[in-house]
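Structure record follows, encoded as structure tokens.
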Amino acid sequence: MKIFQVKIKNFRSYASEIKIDFDNLTAFVGKNDIGKSTILEALDIFFDGNVIKMDKNDINKECEKNGDNEIQISVIFDDYPQELILDTLNPTNLKDEYLLNQDGKLEIIKKYPNAGKAKVFLKVYHPTNSKCANLHHLKINELKKIIQEEHIECENFTKSAELRKAIWRHYSNNLELQEIEIELNKEDTKNIWEQLEKKLPYYALFQCDRTNNDGDSEIQNPLKTAVAQIFKDETISNELQVIAKKVIEKLQEVTNLTLEKLKDMNSEIVQTLNPKIPTVEQLKWAMCLKMYPLKEMKIFLLIKEEVGLKE
């Protein structure tokens, strides 16, 4: 997905909602303390980054005086996924599910009451006719009941997406489409957010207005973000499985040799030992990668040679 526009409201210096358009390359130019960094830091908060943490001081003072304590950060995306699994083994798409805004974009809104935990919403151009509204809040049995009571034609009664489509198709001349907000934190719509969240782009905020060293989060976090995205690649994941098995085999060899040696010295001690060798699933590759000075990279090369891996 690609960021098309960002909206910020009641966040620091931005009281009323502002809209910032994004392109392939976007630069902010302006005087000091005019709000440039605020936009980038709002994005870090939206994407649950590790650099900026929201607190109550981020609520705009004027809004707070007027009793408005809710911060809003919205991101509008284009190039969104053409297919999503909203129900088990049931591919569908955002357009057919009426989960896009009036401009055909994916608009995700995060609201932070009292600068606390985010509530997630979608702004959607959605049916509001009471007979076919709020279908995403209904379970499959409730959708079937509508189909049966209204004598609606439907080819597949086992998939919620097909049931919703059939109902909307039945009322296609009277959908009463309006732009509304759908909350995704509720139990019946939480799955929509879980699927969308997997597709969100990775965002890394790099602060370079001070001296940095290789241990700072500003250096490490972008790398961690890239690593997390790399590990989603199925080919790389399969290769790492092979490496993991080889590492575990080596660990088992060393463990067995150590126990044999200890048995010669004190057999009673050996009986009390219980070596714990991690499984392939327990190995956390992301924790093994960190940005080091060049001189320290030799450690990794030595490990590779010991295990017998190719460059």
Side-chain angles (χ1 to χ4, degrees), residues 1 44 46-53 81 83-91 117-118 190-207 212-311:
M1 289 195 283
D44 189 68
F46 178 92
F47 287 105
D48 298 321
N50 297 313
V51 179
I52 305 300
K53 302 300 179 186
E83 185 177 277
L84 283 177
I85 307 293
L86 296 185
D87 307 301
T88 307
L89 301 176
N90 188 9
K117 186 178 179 181
K190 194 179 291 183
N191 187 53
I192 298 174
W193 174 235
E194 288 174 354
Q195 298 306 316
L196 286 174
E197 193 173 23
K198 294 176 185 176
K199 305 292 184 180
L200 290 180
Y202 286 92
Y203 179 84
L205 179 62
F206 186 87
Q207 294 175 311
N212 297 95
N213 62 63
D214 59 273
D216 288 342
S217 60
E218 292 91 334
I219 303 292
Q220 296 300 328
N221 287 340
L223 179 67
K224 290 177 183 176
T225 300
V227 167
Q229 191 166 14
I230 290 168
F231 286 158
K232 283 188 174 182
D233 186 282
E234 188 175 350
T235 302
I236 293 174
S237 178
N238 292 336
E239 290 177 355
L240 288 175
Q241 293 283 325
V242 175
I243 295 171
K245 288 177 182 177
K246 197 159 189 177
V247 169
I248 290 170
E249 287 173 8
K250 289 288 183 180
L251 283 172
Q252 190 66 63
E253 286 178 23
V254 173
T255 300
N256 293 340
L257 289 171
T258 302
L259 290 175
E260 285 298 320
K261 196 66 178 175
L262 286 172
K263 187 185 287 187
D264 293 339
M265 295 185 288
N266 190 328
S267 59
E268 292 181 3
I269 293 177
V270 174
Q271 293 175 4
T272 64
L273 296 176
N274 183 26
K276 292 184 178 179
I277 307 296
T279 63
V280 172
E281 293 73 24
Q282 289 173 326
L283 291 177
K284 299 186 183 297
W285 289 102
M287 300 297 292
C288 301
L289 298 176
K290 189 176 180 182
M291 192 174 290
Y292 288 99
L294 185 58
K295 62 183 180 181
E296 297 184 33
M297 291 301 290
K298 293 179 182 177
I299 298 172
F300 291 97
L301 295 176
L302 288 173
I303 292 174
K304 288 174 71 177
E305 291 170 7
E306 179 65 29
V307 177
L309 301 177
K310 296 181 180 179
E311 291 287 343

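Since the model is a prediction, treat every value here as computed from it, not as a measurement.
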Sequence neighbours excluded, the answer for side-chain contact (heavy atoms from CB on, under 4.5 Å) partners of K190 is E187, E194
* Asked: Is the shortest heavy-atom distance from the side chain of V242 to the side chain of K245 under 4.5 Å?
  -> no
When rounded to the nearest 0.5 Å, the distance separating CG of L257 from CD of Q252 is 10.5 Å
For I85 and Q195 the tightest heavy-atom approach is O-CG, 3.0 Å
Residues L205 and V51: closest non-hydrogen pair is O-CG2, 3.7 Å
One should read off an interatomic distance between T255 OG1 and I248 CD1, to the nearest 0.5 angstrom, of 11.0 Å
Distance col, row W193:CH2 vs K198:NZ, nearest 0.5 angstrom, shows 12.5 Å
On a heavy-atom basis, the closest approach of L196 and M1 is O-CE, 4.1 Å
Do the side-chain N and O atoms of N256 and E260 include a donor-acceptor pair separated by under 3.5 angstrom?
no
